[in-house]
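Chain letters run A, B, ... following the sequence lines, proteins first and then strands; every chain starts at 1. Side chains included, hydrogens not; waters and symmetry mates left out as well; all remaining heavy atoms used.
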Amino acid sequence: MSVPVWNPAVEFMEREALERLQLTRLRQTVAWALKTPFYRRRLAEVGLTHPEDLGSLRDLRKLPYTTKDDLRAAFPDGLLAVDLERTVRLHTSSGTTGMPTVIYHTRPDLDHWTELVARCIVAAGATARDVFQNMTNYGMFTGGLGLHYGAERVGMLVIPVSSGNTGRQIHLMRNFQTTVVHATPSYLLHLHAALAGEGVTVDQLRLRKAFIGAEPHSEETRRKIEALFGIQAYNSYGLSEMNGPGVAFECVHQTGLHLWEDAYMLEIIDPGTLQPLPEGQTGEIVMTTLQRQATPLLRYRTRDLSHLVSGNCPCGRTHRRLARIKGRSDDMLIVNGVNVFPSQIEDVLMKTPEVGTNYLIQLEKRGSLDRLVVKTEIYAKLFTGDPRTLDDLRERIGEALRSAILIKPTVELHEPGSLPVSEGKAKRVVDLRPAF
Amino acid sequence: MMEQLSVFVDNRPGRLNAVTGILRDHQIDIRAMTIADHRAYGVVKLLVSDSRLAHRALVDQGFAAALKPVLAIAIEDRPGGLHELLEVLAERAINVLDAYGFVVAPGQRAVWCMEVDDPDAVARLIAARGLEVLADHELYRL
């Protein structure tokens, strides 16, 4: 087998051995967590005062969840599990929506993080012979430094250009014959559009791979980036609370993102009931750090939505795969007890050529029942003038939605241009149900 | 044959007069108008003095609009006038999909407008029975 791999002993570890390792590390993490005021109180509430109280991995479910609000409430050091003297770096969130969250790292914490990123880079087929241009922001944002140290460890030639200044990015790519870049998908699309203005063609570049992440994107966007540059693009998933990049990454087979399960315990839960979901069902990603001493986090609710990809990856790695992120659990709607994500509705509408891209989801109360109304605009160029085809269209969208979200909504068709536009942060959900 | 203009409008105040306002601005005369109501929206069907111009004007303003051939048949405005026409259709088992009528000269002339599956064949059949199938310009001479 010629699969590129950084750490075969861990990446191909048998599940049984991997789970034994997880239990050992989970107990260690609980021991670290018990050093923080926050978790000492939380764990006492569930009767857990000693790491050995965890008899098996199933006991993970006894642990309380941790939320972003908990992290904010613990600002600045309520979750710090070591003496400040032992910490060597911190990253904080921007704090634009409230108090910032802080993650501290010891030297071994950073070392482990770098190891995970190195695995990702090699899994995606990059090597020490590559020239790596890191186009994401350095500093508090974890994407820049995270990939930087991982790439150095692999032995790539790193160009730490950071984000922005597209003209400079393009000239660096040409002058140093960059072979691998790390950027957000939208920035790569922007960069491609700017090539002509700099008098550079794709043929003058030697680019062969891109690592894309930090924003949700569709498979179509990935394929578009691949086609525009004639490269392979690999999906990267991470979040600052879990160090940053290096949590999950696609291998060369591009069939979902391997999540490093020796470093993170993974659960997918129903964000409404908080119960774990069977494999394959879409829910909120919940993760527990297994190797971070300075800021251990137990059952952290990421608010990102995904599902586990079933079966084994052809690469042979035993670490399970996440499907690409579908959206945020904050967006989830509960309609007559059924969880509905706006992105599921959007998917159906995007596949219906007779309607445009603008839509509005409205929730109403009829007696004791919720009523879901999906408003969409007809696409002017495909309007036939026949009211019956409109009825058929409504019926067709209604059926497609029912098979996607298990509820048949009322579908309303509207004039082009009458609903909020699809770009930017348009308000797409209106909940008219009275609050109790 | 005539061209009928169909326009998709939201069922809320101010939308219908948005359509008629555009027609007025282009000096387009309305001969007949019906609305098929579908709760949240309606499809407005119009016979107008210049259907192509009206269509373009509405599409330019962002409306979903379409042109479609319809049969406009001149009949006598007297008891039994419409019945005689419909008897012809019934004999040949021709189904009427949508229809409306209006009087042009009271006691003398009315026009029956209808959508059928094969308008060309039906037009030939009706003409053979001595009834007049109108073209755009002919409607405005009545």
Side-chain angles (χ1 to χ4, degrees), chain A residues 345 348-349 352-366 371-401 408-423 426 428-430 432, chain B residues 1-19 21-22 32-48 51-52 54-70 95-100 113-119:
Chain A
I345 293 172
V348 168
L349 297 177
T352 311
E354 296 94 332
V355 296
T357 51
N358 301 335
Y359 67 94
L360 192 72
I361 297 164
Q362 189 167 303
L363 289 157
E364 301 166 1
K365 202 83 178 171
R366 281 284 166 90
R371 184 161 170 265
L372 176 65
V373 182
V374 174
K375 300 181 178 196
T376 178
E377 290 175 2
I378 64 162
Y379 181 53
K381 290 205 169 79
L382 293 177
F383 175 63
T384 63
D386 184 351
R388 275 155 307 185
T389 59
L390 295 174
D391 290 341
D392 293 346
L393 174 62
R394 274 179 353 114
E395 184 63 25
R396 191 146 47 82
I397 294 171
E399 279 304 320
L401 285 170
K408 188 159 180 185
T410 302
V411 177
E412 282 185 7
L413 302 176
H414 288 272
E415 284 174 29
S418 60
L419 297 175
V421 292
S422 57
E423 274 103 56
R428 301 235 161 266
V429 179
V430 177
L432 300 175
Chain B
M1 209 160 311
M2 297 212 46
E3 263 186 334
Q4 174 183 267
L5 176 64
S6 305
V7 191
F8 183 99
V9 284
D10 278 359
N11 196 351
R12 57 189 162 87
R15 298 315 297 156
L16 216 45
N17 68 323
V19 173
I22 291 167
M33 177 171 184
T34 66
I35 305 174
D37 168 43
H38 287 251
R39 293 188 189 192
Y41 63 89
V43 174
V44 180
K45 295 181 178 180
L46 297 144
L47 292 182
V48 295
S51 55
R52 296 288 164 98
H55 178 256
R56 202 179 326 122
L58 287 165
V59 168
D60 284 348
Q61 294 295 313
F63 277 94
L67 291 170
K68 187 180 183 182
V70 286
N95 192 38
V96 177
L97 302 174
D98 190 29
Y100 46 95
C113 212
M114 65 180 180
E115 292 175 38
V116 292
D117 276 332
D118 186 351

Could you give the distance from [atom1] ([X]) to [atom2] ([Y]), rounded to the nearest 0.5 Å?
X: A:Ser418; Y: B:Tyr41; atom1: OG; atom2: OH; answer: 13.5 Å
X: A:Arg388; Y: B:Asp98; atom1: CZ; atom2: CG; answer: 7.0 Å
X: A:Asp386; Y: B:Lys68; atom1: CG; atom2: NZ; answer: 4.5 Å

- Shortest non-hydrogen pair, A:Gly385 vs B:Val43, comes out as O-CG1, 3.8 Å
Side chain, backbone, both or neither of [X] within contact of chain A (heavy atoms, under 4.5 Å):
X: B:Leu97; result: both
X: B:Arg39; result: neither
X: B:Glu115; result: side chain
X: B:Val44; result: neither

- Task: Sequence neighbours left out, what passes salt bridge (charged side-chain N to carboxylate O under 4.0 Å, His left out) with A:Glu364? Give chain and number order.
- Result: A:Arg371
- Would you indicate whether the side-chain heavy atoms of B:Ser6 and A:Phe383 approach each other to under 4.5 Å? yes
- Task: Could you tell me which residues in residues 389-398 of chain A have at least one non-hydrogen atom under 4.5 Å from a non-hydrogen atom of chain B, sorted by residue number?
- Result: A:Leu390, A:Asp391, A:Arg394
- Identify, with sequence neighbours excluded, every residue that meets side chain to side chain donor-acceptor pair (under 3.5 Å) alongside A:Glu415. B:Arg15
Over 12 non-hydrogen atoms of neighbours within 6.0 angstrom of [atom1] in [X]:
X: A:Tyr379; atom1: OH; value: no
X: A:Lys408; atom1: NZ; value: yes
X: B:Arg12; atom1: CZ; value: yes

- By ring-ring contact (aromatic ring centres under 6.0 Å, His included), which residues pair with B:Phe63, not counting sequence neighbours? none
- Answer with side chain, backbone, both or neither: which region of A:Ile378 has an atom nearer than 4.5 Å to a non-hydrogen atom of chain B? side chain
